[in-house]
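One structure is given below, encoded as structure tokens.
All heavy atoms count here, side chains included; hydrogens, waters and symmetry mates do not.
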Amino acid sequence: MKPIRIVGKTLITTFCIVIAMHVATHAQSVNAGLRFAGNVTLHGGELILQNPPNDYRAYELNGRLGFNVNAFAEINITKHFAVQPEIGYKQVQWELMDGTSPQPRPYIYTNGYWEVPLLLKYKIAGFGAYAGAQMDFLITSRAEEPSGEGLGTGIGYPDTEHDFKTKTPIYGVIGVEYTTRRPGIGFSLRYLHGFNPIFDADNSVIIAAQFKETKGRQLQFGIHWRFGKDKTRIKPAS
């Protein structure tokens with residue numbers, strides 16, 4: 001399966017490069033910018049985990065607040081349509097809580113990714129709506145376990161040493177934004193829906209079938225600074 005994943009990633013990357021080159025060739029203008037966002041994971045539900053050898057426990061999976069830092073280029077194709085490639089860093093967090101413990105203490109998971117979105121945007125008078133796709137490439141994965149448990153971070157649920165490294169999450173992206181006239185500060189809201197699992201549960205002690213196919217879902221609240229003129233606000237010469 002590994003060669004198939006590599007080929008799939010290569011095809012997607014090549015397709016994005018070809019589209020970006022075609023768009024750049026026909027672009028009317030390019031506006032650059034920076035974006036910072038809070039990132040909330042939308043996981044939830046009860047999981048059944050096995051603590052060796054035969055201790056089965058129910059855990060709750062809850063989302064936590066992370067953040068995103070992106071640079072983007074708004075490549076204008078027409079007055080109202082643009083393609084917006086981005087590249088940035090994203091931190092994603094969530095927690096596993098042992099619901100059976102008399103003093104519940106969460107396992108905190110923190111993953112760092114390079115994220116590469118490619119968005120098609122419609123904009124008018126400062127407002128924008130967009131849709132597209134995004135790929136995430138894992139940089140770091142760590143677990144902070146409850147004090148006194150006596151477990152190393154490599155034995156976490158999931159296992160940070162193996163499970164996440166075998167997956168490259170792919171998301172569909174939809175969102176809206178508004179950018180002020182001056183000095184180009186704007187606000188955005190995005191929803192990311194995962195198309196593939198965020199980790200490989202075959203390497204872990206997770207036994208709940210529904211959790212083996214856990215796909216990422218995220219909600220992002222962002223603020224951005226865009227450089228350049230907004231042509232949808234420029235009135236045509238009479």
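Between E74 and K123 there is a salt bridge, since at least one side-chain N of the basic residue sits less than 4.0 Å from a carboxylate O of the acidic one.
Contact record, S141 with N111: OG-OD1, 2.8 Å, taken as the closest heavy-atom pair. The two residues Y178 and H224 make their nearest non-hydrogen contact at O-CE1, 4.0 Å. G222 and A37 get closest at one heavy-atom pair: CA-CB, 3.6 Å. Closest heavy-atom contact between I139 and Y113: CD1-C, 3.7 Å.
A cation-pi contact links K90 to Y171, judged by a cut-off of 6.0 Å to the six-membered ring centre and 45° from its axis.
When atom types are taken as modelled, the side chain of T41 and the backbone of R64 share a donor-acceptor pair closer than 3.5 angstrom. In this structure a side-chain-to-backbone donor-acceptor pair under 3.5 Å is missing from T179 to G184.
Taking R35 as the reference, nothing meets the salt bridge (charged side-chain N to carboxylate O under 4.0 Å, His left out) condition, with sequence neighbours excluded. Partners of F67 under the side chain to side chain contact (heavy atoms under 4.5 Å, CB included) rule, at least two apart in sequence or in another chain, are F36, V69, Y89, Q91. For F221, there are no ring-ring contact (aromatic ring centres under 6.0 Å, His included) partners two or more places apart in sequence or in a different chain. Partners of I124 under the side chain to side chain contact (heavy atoms under 4.5 Å, CB included) rule, at least two apart in sequence or in another chain, are H80, Y122. Listed by chain and number, the residues in a side chain to side chain contact (heavy atoms under 4.5 Å, CB included) with Y191 are L42, I174, H193, R217, L219 (sequence neighbours excluded). Listed by chain and number, the residues in a side chain to side chain contact (heavy atoms under 4.5 Å, CB included) with L120 are V83 (sequence neighbours excluded).
Each of F72 and F227 belongs to its own hydrophobic cluster when Ile, Leu, Val, Met, Phe, Trp and Tyr are linked at side-chain heavy-atom distances under 4.5 angstrom. If you chain together hydrophobic residues whose side chains sit under 4.5 Å apart, V30 and I77 fall into the same group.
Interatomic distance, I223 CD1 to I185 CD1, rounded to the nearest 0.5 Å: 6.0 Å. In this structure, L34 CG and R226 CZ are separated by 13.0 Å, a value rounded to the nearest 0.5 Å. I87 contributes atom CD1, which lies 9.0 Å from atom CG of N70 (distance to the nearest 0.5 angstrom). If you take CG on L138 and OG1 on T168, they are separated by 8.5 Å, rounding to the nearest 0.5 Å.
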Verify side chain to side chain contact (heavy atoms under 4.5 Å, CB included) between V92 and N39, making sure each step is shown before the conclusion. CA-CA 7 Å; V92 180; N39 181 42; 3.6 Å; yes
Can I75 and K121 be said to form a side chain to side chain contact (heavy atoms under 4.5 Å, CB included), step by step? CA-CA 10 Å; I75 305 172; K121 179 191 293 186; over 6 Å; no
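Under the side-chain contact (heavy atoms from CB on, under 4.5 Å) rule, E177 has a single partner from Y130, F187, F127, which is Y130. With N68 as the fixed residue, the side-chain hydrogen bond (donor to acceptor under 3.5 Å, both in side chains) test singles out one of Q218, E115, E86: E115.
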